[in-house]
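Sequence positions, counted from 1, serve as the residue numbers for this chain. Just follow the structure's listing: the first ligand is 1, and inside any ligand the first atom is 1.
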Amino acid sequence: MNIARELVPQGKLKPLFEDPLKLPFGRHFTDHMFTMEYAPATGWGNPRITPYGPLVLDPSANVFHYSQEVFEGQKAYKAHNGEILLFRPLENARRLNRSLRRLCMPEIPEDIFLQAECELLKQEKRWIPGLKGTSLYIRPTVIGTEAALGIKSSSDYLFFIILSPVGPYFKEGFDPISLRVSDTYSRAGSGGTGEAKTGGNYAGSLLATREATQQGYSQVLWLDAGEHRYVEEVGAMNIFFVIDGKLVTPALGGTILHGITRKSVLELAPDLGIASEERRISIDEVVEGIASGKVSEVFGAGTAAVISPVGKIGYRGTDSVINGNRTGPWAKKFFDTLTAVQYGEVQDTHGWVYVVK
Ligand SMILES: *Cc1c(COP(=O)(O)O)cnc(C)c1O
């Protein structure tokens, strides 16, 4: 793929954020973005790197009315030797294509996706902060752009990648978050789009999240839509429990997002010496297990926080406190191990690290 470039003149480049450790999530964007268009007659084409800026779209464009939109979330890390590292980027390419298929949108060849990311990252290398805990967040997105009302799949699409330097997710130490179980709202139903990474899933979750934060919780713990009985996942994270010394996470069944952090935690478990199981977990088992001490730890897993310990779960007006609201040893072990791999500090025995060349 031959990528055209229209670059910001040297003297007009944006200043870097002074203290990368204080960077807020997703507020600052780099100088350039990648775009590529799809038309039915020609397929994907016109790849280019241009100054970061607003898109011009027709008000009748599909994405505004029928929400053909899918995205990914990844991070680029700077290793001590200056190399740019990605974590399992082919998994993101594959998941993007699964999401695209589900939303009836055209797939993007994996090598084209990866090349687009690498070329943009090399162009924007000065934006990768480099301190442990900081990274350059990558947001590849595809939207339907055909200008036409009337419900149907768009004929035309835009693929873009934007980059945002981000600081550590945990500003003051590795502190547990609190979750509110929603037993009225649902995130995803059987046969729906729950396992696609699409904006619509998030739009439907915002009201429940607002109600949870108004009550002092950080995020929503979603249950299955059918019975409101089985635990599914958190806002943008998969969920893990340590039950009787075993790592347990809800089995994927169409409504739960296939998290790459989730997959990596499961694949690391044998290395770290903990047995793991994917199965159904009822909220009653969780609440009773916390009360009896069988559930010793709960943590979320996702790209943004990597591992996020959970200290409190609110369900039907009662809070269950896990491990005295302190970070447990397994959350810490998985966090330390995954981040050491991501920053290239330890040998990558799983072949997860991808060096941008
Ligand atoms: C992105 C996402 C996750 C986490 O996936 P990772 O690949 O680990 O970042 C979990 N749940 C939802 C709903 C998500 O959108």
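- Ring-plane geometry between Trp44 and Tyr157 is classed as tilted, the angle between the planes lying from 30 to 60 degrees on a 0 to 90 degree scale.
- Residues Glu69 and Thr141 bring no donor and acceptor atom of their side chains to less than 3.5 Å of each other.
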Counting only pairs under 3.5 Å, give me each side-chain donor-acceptor contact of residues 308-323, with atom names and distances, residues two or more places apart or in other chains.
from, atom 1, to, atom 2, distance (Å)
Arg316, NE, Asp183, OD2, 3.0
Asp319, OD1, Tyr217, OH, 2.5
Asn323, ND2, Arg326, O, 3.1

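- Aromatic ring pairs are classed by plane angle as parallel below 30°, tilted from 30° to 60° and perpendicular above 60°; the pair Tyr137 and Phe25 is perpendicular.
- Under 3.5 Å, the side chains of Glu278 and Thr249 contain no donor-acceptor pair of N or O atoms.
- Protein residues with a heavy atom closer than 4.0 Å to ligand 1 are Arg95, Arg187, Lys197, Tyr202, Glu233, Gly235, Ala236, Met237, Asn238, Leu257, Gly259, Ile260, Thr261, Gly302, Thr303, listed by chain and number.
- Side-chain atoms of Arg88 and Gln74 form no donor-acceptor pair, as typed in the model, at a separation below 3.5 Å.
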